There are 2 protein chains.
Amino acid sequence: MEVTIAERQHLNKRKKIGKILEEKGSGICPIHDFLIHFANKWSMLVILNLGFSGKSRFNALKQRTTGISQRMLTVTLRALEEDGLISRKVFAEIPPRVEYELTTLGKSLLDVMTLMGEWASRHEAEIQRARKAFHKGR
Amino acid sequence: MEVTIAERQHLNKRKKIGKILEEKGSGICPIHDFLIHFANKWSMLVILNLGFSGKSRFNALKQRTTGISQRMLTVTLRALEEDGLISRKVFAEIPPRVEYELTTLGKSLLDVMTLMGEWASRHEAEIQRARKAFHKGR
DNA sequence: CGGTATCCTTGGAGATACTG
DNA sequence: CAGTATCTCCAAGGATACCG
């Protein structure tokens, strides 16, 4: 029985994808859960910005995260804190000071997001071309 | 001047993130665009399912993508086709037959998604624990 | 400074019915 | 079979105002 390297790679990938999808029926799918919580604009942008700047304060983060409203920053930060991706440290001072930072878990997600970002940059032009071709062909 | 390996790695990461975020100001941010188009439940699920099953027909895909409505499957498929991630082949038969398949571009995104899925599986328990801890502490 | 609380709008998405 | 076309509803999220 002969199997080429390409075929083996493909089978290996297939297996991985199957594993990701399989729990779907049983109620909770890890990737589904992942998507709901982290695969949205603000969560990703906040994680990327925190990863870039390290520890930072509420308003600094708001400044850097272009377009986010105060409400959405608060909501997003709370959700990420709840999931253990960021830490929140409150200093008992006046005026108050609060510092946010990625946890170890958050940093590991940052690595994955970086890959996504790189994919996006790398294929941006290709996607643009595809869109134009699509619109011409109708 | 001494720089540890860890420091160098960190600086390298920071640079990459900066690159992803930088175009933000200038109007179009690749990652933002990416998020809008692909970082949603249905797009990701459809890509994963197409990656798993290879070429497949509309209703077959609908069956496998648990919970998706006919409308959302159509909408999602069109969007992915527009972006050049999947191909759509119509056969002039009665009853009609349409086959969807990931393009090369789509397959490259699949790899990134697989990584996300693996991250989600690997850290699922940790996230659950963090959530419980968060709710106890209030 | 770093948030809540409230109101209000919009569009994402389900349900249903129809069609080439 | 593989879609459109409508109607509808709900909740994500912006704007604004207030608070410890």
Side-chain angles (χ1 to χ4, degrees), chain A residues 24 29 32-47 49-50 53-83 86-101 134 137-138, chain B residues 24 29 32-47 49-50 53-83 86-101 134 137-138:
Chain A
K24 214 178 39 187
C29 168
H32 178 263
D33 218 49
F34 173 89
L35 296 173
I36 302 289
H37 285 266
F38 315 121
N40 65 72
K41 195 170 128 179
W42 296 136
S43 296
M44 294 202 162
L45 247 23
V46 165
I47 288 171
N49 272 308
L50 265 182
S53 57
K55 196 178 300 187
S56 74
R57 301 179 60 173
F58 187 88
N59 278 330
L61 201 53
K62 182 165 183 297
Q63 223 89 53
R64 241 176 296 100
T65 313
T66 322
I68 200 168
S69 65
Q70 193 173 37
R71 201 180 89 87
M72 285 320 291
L73 182 55
T74 305
V75 170
T76 304
L77 285 170
R78 287 291 181 285
L80 293 176
E81 192 197 351
E82 177 174 354
D83 291 334
I86 62 174
S87 65
R88 177 173 184 267
K89 218 183 279 183
V90 185
F91 295 84
E93 304 173 356
I94 291 181
R97 179 159 58 106
V98 181
E99 279 179 359
Y100 292 95
E101 193 175 12
F134 182 85
R138 19 165 44 199
Chain B
K24 213 178 39 188
C29 168
H32 179 262
D33 217 50
F34 172 90
L35 296 174
I36 301 288
H37 285 265
F38 315 122
N40 64 72
K41 193 170 129 180
W42 295 136
S43 296
M44 293 202 162
L45 247 23
V46 165
I47 288 171
N49 272 308
L50 266 182
S53 56
K55 196 177 300 187
S56 74
R57 302 178 60 173
F58 187 88
N59 277 331
L61 200 53
K62 181 165 184 298
Q63 224 88 52
R64 240 177 295 98
T65 312
T66 322
I68 200 167
S69 66
Q70 194 172 35
R71 200 180 90 87
M72 284 321 291
L73 183 55
T74 305
V75 170
T76 305
L77 286 170
R78 286 290 181 287
L80 293 177
E81 192 198 350
E82 179 174 353
D83 290 336
I86 63 173
S87 66
R88 178 171 183 268
K89 217 183 281 180
V90 185
F91 296 84
E93 304 173 357
I94 291 181
R97 181 160 55 108
V98 182
E99 280 179 358
Y100 292 95
E101 194 176 11
F134 181 84
R138 21 168 41 201

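Residue numbers start from 1 in every chain, and the chains themselves are labelled A, B, ... in the order their sequence lines are given, proteins ahead of strands. Heavy atoms only: backbone and side chains are in, while hydrogens, waters and symmetry mates are out. Computed from a prediction, not measured in an experiment: that's the story for all the values here.
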*Residues in salt bridge (charged side-chain N to carboxylate O under 4.0 Å, His left out) with A:Glu82, at least two apart?*
none

*Find the distance between OG1 (A:Thr74) and CZ (A:Phe58) and round it off to the nearest 0.5 Å.*
3.5 Å

*On DNA chain C, reading 5' to 3', which nucleotide is the first and which the last to sit with an atom under 4.0 Å from a heavy atom of chain B, could you check?*
C:dA13 to C:dG20

*Which value, rounded to the nearest 0.5 Å, describes the distance between A:Thr76 atom OG1 and A:Met44 atom CE?*
12.5 Å

Enumerate the protein-to-nucleotides 11-16 of chain D contacts in which both atoms are nitrogen or oxygen and the separation is below 3.5 Å.
from, atom 1, to, atom 2, distance (Å)
D:dG13, N7, A:Arg71, NH2, 2.5
D:dG14, OP2, A:Ser69, OG, 3.1

_With a 4.5 Å cut-off on side-chain heavy atoms, are A:Leu77 and A:Leu61 touching?_
yes

*What does A:Phe91 touch in the nucleic acid at a heavy-atom separation under 4.0 angstrom: a base, only the sugar-phosphate, or nothing?*
nothing

*Under 4.0 angstrom between B:Arg78 side-chain N/O and D:dG3 OP1 or OP2*: yes

*End axis versus end axis in the helix from C:dC1-D:dG20 to C:dG20-D:dC1, the angle rounded to 10°, five pairs used at each terminus*: 50°

_Approximate separation, where rounding is to 0.5 Å, of B:Ser43 OG and B:Met72 CE_ = 8.0 Å

*How long is the span from the CD atom in A:Glu99 to the CD atom in A:Glu101, to the nearest 0.5 Å?*
8.0 Å

*asked:* Nearest whole Å is fine: how far is D:dC1 P from B:Leu73 CG?
replied: 15 Å

_Whole-Å gap separating P (D:dA2) and CD (B:Glu99)_ = 9 Å

_If the condition is side chain to side chain contact (heavy atoms under 4.5 Å, CB included), which residues does B:Arg88 pass it with, not counting sequence neighbours?_
B:Arg78, B:Glu81, B:Val90, B:Val98, B:Tyr100

_Candidates A:Asn40, A:Thr65, A:Leu73, A:Ile68 - the one meeting side-chain contact (heavy atoms from CB on, under 4.5 Å) with A:Leu45_ = A:Thr65

*asked:* Tell me every residue that passes salt bridge (charged side-chain N to carboxylate O under 4.0 Å, His left out) with B:Arg57, counting only those two or more places apart in sequence or in another chain.
replied: none

*asked:* Contact between B:Trp42 and B:Val75 at the side-chain level, heavy atoms closer than 4.5 Å - yes or no?
replied: no

